[in-house]
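Some notes on the structure that comes next.
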Amino acid sequence: MHDTGITRRESIVTMGAAAAGALLLGASPRPLLAAATDTGRKRSMRIAHLTDIHVEPEKRAGEGMAACLHHVAELADKPELILTGGDHVMDSFEADKARTALQWNLWNSVLANECDIPVHSCIGNHDVWGWEKAKSKTTGNEANWGKSRATEMLHLGERYYAF
């Protein structure tokens with residue numbers, strides 16, 4: 001840890017005062033906030049957080065997902081890591097096996113072909129296959145039923161992990 005001689009509380013008060021003063025004067029608070037928080041330290045990592053992509057082939061999800069990944073990769077300050085926050089596919093919990101496979105295949109194909117940034121994912125409720133047994137035509141005894149399919153499709157060793 002690097003001691004700057006300024007407490008967290010003092011930093012917050014300084015940033016708030018700078019922002020309020022800038023707003024009262026009609027200026028943008030960004031330069032003042034940047035100056036108030038500049039500690040001279042180098043950032044350790046830039047991360048992009050993508051969530052709720054809800055891949056649906058009929059809605060051109062592959063094209064939209066590719067465009068999003070290209071945008072992230074072409075940022076002037078390119079992230080070193082992408083975190084996906086779940087809901088990669090749409091309603092896998094009530095989709096049958098074929099529909100679920102179609103969506104996950106699209107997800108993995110686009111990611112493999114359009115992304116050169118490392119991706120770490122977590123499972124969302126829409127990613128879990130078969131929870132709605134009647135609609136998904138599952139019994140709960142199928143291979144990869146529930147979170148197992150999402151764990152496999154997202155290339156996770158376990159449902160919970162750290163890196």
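For the single chain, residues carry numbers from 1 onward in sequence order.
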Q: Kindly say whether Lys137 contributes a backbone atom to a donor-acceptor pair with the side chain of Asp96 at under 3.5 angstrom?
A: no

Q: Would you confirm whether Arg46, through its side chain, and Asp77, through its main-chain N or O, come within 3.5 Å as a donor-acceptor pair?
A: yes

Q: Verify, without hydrogens or angle tests, whether Glu58 (side chain) and Glu56 (backbone) share a donor-acceptor contact under 3.5 angstrom.
A: no

Q: Please step through side chain to side chain contact (heavy atoms under 4.5 Å, CB included) for the pair Ile53 and Val89, ending with a clear verdict.
A: CA-CA 7 Å; Ile53 296 169; Val89 297; over 6 Å; no

Q) With a 4.5 Å heavy-atom cut-off, do Glu80 and Ile47 have their side chains touching? A) no

Q) Are Leu154 and Trp104 side-chain neighbours, meaning at least one heavy-atom pair lies under 4.5 Å? A) yes

Q: Answer yes if Val119 and Val110 sit in the same cluster of Ile, Leu, Val, Met, Phe, Trp and Tyr residues linked by side chain heavy atoms under 4.5 Å apart, and no otherwise.
A: yes

Q.
In the structure I gave you, are the side-chain heavy atoms of Met45 and Leu81 within less than 4.5 Å of one another anywhere?
A. yes

Q | Check: Leu50 and Leu83 side chains under 4.5 Å, non-hydrogen atoms | A | no

Q. Taking the side chain from Thr84 and the backbone from Gly86, do they hold a donor-acceptor pair closer than 3.5 Å?
A. no

Q) Relative to each other, are the rings of His126 and Phe93 parallel, tilted or perpendicular (30° and 60° limits)? A) tilted

Q) Would you say the side-chain atoms of Thr138 pair up with the backbone N or O of Gly130, donor to acceptor, closer than 3.5 Å? A) yes

Q | His49 NE2: over 12 foreign heavy atoms closer than 6.0 Å | A | yes

Q.
Looking at Thr51, is its backbone amide N or carbonyl O close enough to the side chain of Asp87 to form a donor-acceptor pair, meaning the two atoms are under 3.5 Å apart?
A. no

**Q.** Straight-line distance of His54 NE2 to Asp91 CG, nearest 0.5 Å
**A.** 7.5 Å

Q | Side-chain (Asn105) to main-chain (Ala101) donor-acceptor, under 3.5 angstrom | A | yes

Q. What do the steps show when you test Trp129 against Ser92 for side chain to side chain donor-acceptor pair (under 3.5 Å), and what is the final call?
A. CA-CA 5 Å; Trp129 178 49; Ser92 183; 5.2 Å; no

Q) Do the non-hydrogen side-chain atoms of Ile117 and Lys78 ever get within less than 4.5 Å of each other? A) yes

Q) Checking side-chain contact (heavy atoms from CB on, under 4.5 Å) against Asn144, which of Lys97, Arg149, Met153 comes through? A) Arg149

Q: Measure from NZ or CZ of Lys147 to the centre of the six-membered ring of Trp131, then state whether that distance is under 6.0 Å and the direction lies within 45° of the axis.
A: no

Q. Do the rings of Trp107 and His88 sit parallel, tilted or perpendicular, given the 30° and 60° boundaries?
A. perpendicular

Q.
Do Leu111 and Met65 have side chains that approach each other closer than 4.5 Å (heavy atoms only, starting at C-beta)?
A. yes

Q. Is there a side-chain contact between Glu94 and Arg99 (heavy atoms, below 4.5 Å)?
A. no

Q.
Using the rule given for salt bridge (Lys or Arg N to Asp or Glu O under 4.0 Å), can you reason through Lys135 versus Glu132, listing the C-alpha separation, both sets of side-chain angles and the distance that settles it, and then say yes or no?
A. CA-CA 6 Å; Lys135 289 182 180 180; Glu132 292 284 340; 5.3 Å; no

Q: Decide side chain to side chain donor-acceptor pair (under 3.5 Å) for Thr100 and Gln103; before the verdict, give the C-alpha distance in whole Å, the side-chain angles of both, and the deciding distance to 0.1 Å.
A: CA-CA 5 Å; Thr100 299; Gln103 292 181 92; 5.2 Å; no

Q: Could you grab the distance from atom OH of Tyr160 to atom SG of Cys122, nearest 0.5 Å is fine?
A: 10.5 Å

